[in-house]
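Presented below is the structure to which this report refers.
Basis for what follows: all heavy atoms, side chains included, without hydrogens, waters or symmetry-related copies. Each chain gets a letter, A, B and so on, in the order the sequences are listed, and its residues count up from 1. All values reported here derive from a predicted model rather than from experimental measurement.
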Amino acid sequence: MGSHNKQKVYALVDCNSFFCSCERLFRPEIRNKPVGVLSNNDGCFVSRTPELKALGVKMGDPYFKVRRLCESHNVHVFSSNFSLYTNISDRVMNVLARFAPSLEIYSVDEAFLDLTGMDEDLVAYGHRIRETVLQWTGIPVSIGIAPSKTLAKIANHIGKKSEKANGVVCLLDERLQDVALKRVSIEDVWGIGRKNSVKLRTLGIKTAYDFKAFKNIKVIQRTLTKLGRMTQDELRGITCYELEECRPKKKEILCSRTFSGSVVDLKSLRESVANYVTNASEKMRAQRSLCATIEVYCHSDPHKLNEVPYYGKDKVKLLGPTSDTRKIIKYAWSALDDLFKMGVCFKKAGVKLGDFSDDEVIQQSLFEELDDPRSAKLMKIVDEINRREGSGMIRSMACGVDNDSWKMRREKLSRRYVTGWAQLPKCS
DNA sequence: TCTGGGGTCCTAGGACCC
DNA sequence: TCTGGGGTCCTAGGACCC
């Protein structure tokens, strides 16, 4: 064993009840009150404070089912306000970047820090990170430190629950790891979802420790695939997932929405799809990609048991890659026209762009059909204007005007505290 | 009345080739 | 009558994550 094989040390920093914490920033009076944030369309809970969890409201609970409970307990409920959350997230990440030579932004509310080789008391260091983030951004975080990402997740999980830990748990010692793993049930292990935990339980595996100690690799491979084996190794302190500092380009980009009402006419369906295409292709151009396949789907309400369910899906392969919104709308619409059925109450539609190539390396001769070079220029100008003036300033007529039949519901939206001049909080 | 959205990875199985 | 086998590529579907 050479010295180059020294143990990795990762810290997972995770914002507590992130969306709720963002909403609380500008509403200090709800600091110790139950708060929840709803998914798009005000559908179900996607973020809850401990006070709301204590009332028995679960992740993913549909709002309408717990509305009475929320009202009677004065729960502060918000529609999701993603421009606010991404803005706050950027601030948190900027603070975290000061504490490690490299960090991976894993999601809007989580980051892995590489603390390998750091000559410090790591628990004290964790507390310093925590205090700084809280002081500079107002967001409370929890920190788990361990030799693998999966163990760091578990350390973090325990840090959130344990009073004594006060938000920071370090699991570098194997005996400590084992004590911790025995307290974590199998479904709470990162990478083991609902289905897989049921399978593991039939094998007698109830805790993270049971899984770590399970010897029959073939059974794990067969039931959980390669990923299950990697998770098992990670629990044993073997690093399988490295820190990914540069996020790779997306391999596909999708955009879909559930409608607030239901849509029965082709015109509205087409408008919604044109909007999703506009959104997705803007993101695609931002990462400098061109797509060669376009998928479109639309379906009825799966929750309506008295209706015959309808699912329509189609995939279009282009003769040459493109990033031209107009062209993508055209193809998406022609697919959609075939999917549309009279008499169906459509509840959701979406598009997926895929089969990406880089926009710099277009080998002319390879493709049968190439974009007019003026198209890329036009798209670039449109993107620039929309970035400056607000998205949707310039858009295709295909996106429609003043048609709300397919739009989202967002009745409990907080103000644009940080992204609109008109709604900046006032200081008195 | 009312149940989100955006991603990744892996495997099995079919098509095709020699 | 007898009807191979191995490799590769692609896709759909399922599982997971936040």
Side-chain angles (χ1 to χ4, degrees), chain A residues 12 14-15 17-19 36-48 57-68 70-71 77-82 85-86 89 104-112 149-150 153 156-157 186-200 220-231 240-241 244 247-262 276 279-280 283-284 287 292-293 295 297 299-305 311 313-315 317 345 347-356 408-412:
Chain A
L12 171 64
D14 182 316
C15 303
S17 314
F18 181 55
F19 296 172
V37 173
L38 300 172
S39 64
N40 274 332
N41 241 341
D42 295 347
C44 43
F45 281 96
V46 292
S47 181
R48 303 155 301 145
V57 173
K58 301 270 185 300
M59 190 69 170
D61 270 356
Y63 179 50
F64 74 91
K65 282 194 179 166
V66 289
R67 178 177 215 144
R68 301 291 291 269
C70 290
E71 280 165 1
V77 179
F78 296 88
S79 302
S80 41
N81 185 347
F82 285 104
Y85 311 148
T86 51
S89 171
E104 172 186 343
I105 299 174
Y106 179 70
S107 74
V108 70
D109 69 333
E110 279 173 68
F112 289 102
K149 287 182 170 178
T150 307
K153 274 269 178 186
N156 186 290
H157 181 79
I186 188 64
E187 40 277 319
D188 291 335
V189 175
W190 192 45
I192 308 295
R194 231 188 59 239
K195 296 267 165 116
N196 284 339
S197 60
V198 172
K199 287 181 197 164
L200 290 179
I220 298 303
Q221 167 73 42
R222 188 163 9 100
T223 44
L224 299 193
T225 79
K226 186 180 148 193
L227 295 174
R229 268 177 25 229
M230 288 168 82
T231 298
C240 298
Y241 301 106
E244 288 176 39
R247 297 258 86 184
K249 286 185 180 187
K250 305 254 181 284
K251 294 167 182 169
E252 53 188 31
I253 291 174
L254 35 117
C255 180
S256 69
R257 292 285 183 279
T258 301
F259 308 133
S260 52
S262 61
Y276 308 151
N279 182 336
K283 285 188 197 162
M284 177 174 69
Q287 69 161 29
T293 64
E295 259 180 89
Y297 65 89
H299 60 77
S300 57
D301 189 343
H303 303 291
K304 284 226 168 76
L305 299 172
Y311 287 86
K313 194 174 91 174
D314 195 16
K315 192 171 183 173
K317 288 184 196 291
C345 294
K347 193 60 185 171
K348 183 173 181 176
V351 297
K352 177 157 100 185
L353 310 181
D355 209 350
F356 288 162
M408 294 196 279
R409 190 184 311 119
R410 288 170 98 188
E411 282 167 3
K412 301 171 174 299

Dot-bracket for DNA chain B, please. Rules: Watson-Crick or G-U, both distances under 3.5 Å, ( ) within the strand, [ ] when a pair crosses earlier ones, | for another strand, . otherwise. ....||||||||||||||

Heavy-atom nearest nucleotide on DNA chain B taken for A:F64 and for A:M230; more 5' hit belongs to A:F64

Would a distance-only check, ignoring hydrogens and angles, find a side-chain to backbone donor-acceptor pair under 3.5 Å from A:E411 to A:D42? no

Between the side chain of A:S80 and the main-chain N/O of A:L38, is any donor-acceptor distance below 3.5 Å? yes

Please classify the nucleic acid contact of A:K149 as base, sugar-phosphate, or nothing, using heavy-atom distances under 4.0 Å. nothing

May I ask you to say what A:Y63 touches in the nucleic acid, namely base, sugar-phosphate or nothing, with a heavy-atom cut-off under 4.0 Å? nothing

Is A:K199 touching bases, backbone alone, or none of the nucleic acid, heavy atoms closer than 4.0 Å? nothing

Start and end of the DNA chain C segment that chain A contacts, any atom under 4.0 Å from a heavy atom: C:dT11 to C:dC18

Evaluate the side-chain proximity of A:Y106 to A:K149: yes if any heavy-atom separation is below 4.5 Å, no if none is. no

Under 4.0 Å between any heavy atoms, over every strand shown, what does A:K412 touch: base, sugar-phosphate, or nothing? Just pick one. nothing

Which residue lies more 5' along DNA chain B, comparing A:N40 with A:K304 via nearest heavy atoms: A:K304

What's A:D61 touching, base or sugar-phosphate or nothing? Going by heavy atoms closer than 4.0 Å. nothing

Would you mind classifying the nucleic acid contact of A:D109 as base, sugar-phosphate or nothing, using non-hydrogen atoms under 4.0 angstrom? sugar-phosphate

Remember a base hit wins even if backbone is also touched, and classify A:K352 as base, sugar-phosphate or nothing at under 4.0 Å, heavy atoms. nothing

Which part of the nucleic acid, if any, lies within reach of A:K250 when heavy atoms closer than 4.0 Å are counted: base, sugar-phosphate only, or nothing? sugar-phosphate

Please report the interatomic distance CG(A:N41) to NZ(A:K347), rounded to the nearest 0.5 Å. 6.5 Å

Indicate, with a heavy-atom threshold strictly under 4.0 Å, whether A:I253 touches base, sugar-phosphate, or nothing. sugar-phosphate

Sugar-phosphate only, base, or nothing, as touched by A:E110 at under 4.0 Å among non-hydrogen atoms: sugar-phosphate

Considering only the P atoms, how many Å lie between B:dT3 and C:dC17, rounded to the nearest integer? 25 Å

Once side chain to side chain donor-acceptor pair (under 3.5 Å) is applied, do any residues pair with A:S89, and if so which ones, sequence neighbours excluded? none

I'd like to know if the side chain of A:T225 reaches the main chain of A:Q221, judged simply by a donor and an acceptor atom lying under 3.5 Å from each other, with no hydrogens or angles considered. no

So that I can tick it off, tell me whether A:K153 and A:E110 are bridged by a salt bridge, with the cut-off set at under 4.0 angstrom between side-chain N and carboxylate O. yes

Roughly how far apart are A:I192 CD1 and A:I186 CD1, rounded to 0.5 Å? 5.0 Å

Scan A:I192 against the nucleic acid and name what it touches under 4.0 Å (heavy atoms): base, sugar-phosphate only, or nothing. sugar-phosphate

Indicate, with a heavy-atom threshold strictly under 4.0 Å, whether A:E411 touches base, sugar-phosphate, or nothing. nothing

Please classify the nucleic acid contact of A:V189 as base, sugar-phosphate, or nothing, using heavy-atom distances under 4.0 Å. sugar-phosphate

For the pair A:D14 (side chain) and A:N156 (backbone), establish whether a donor and an acceptor sit closer than 3.5 Å, ignoring hydrogens and angles. no

Side-chain (A:S39) to main-chain (A:V46) donor-acceptor, under 3.5 angstrom: no

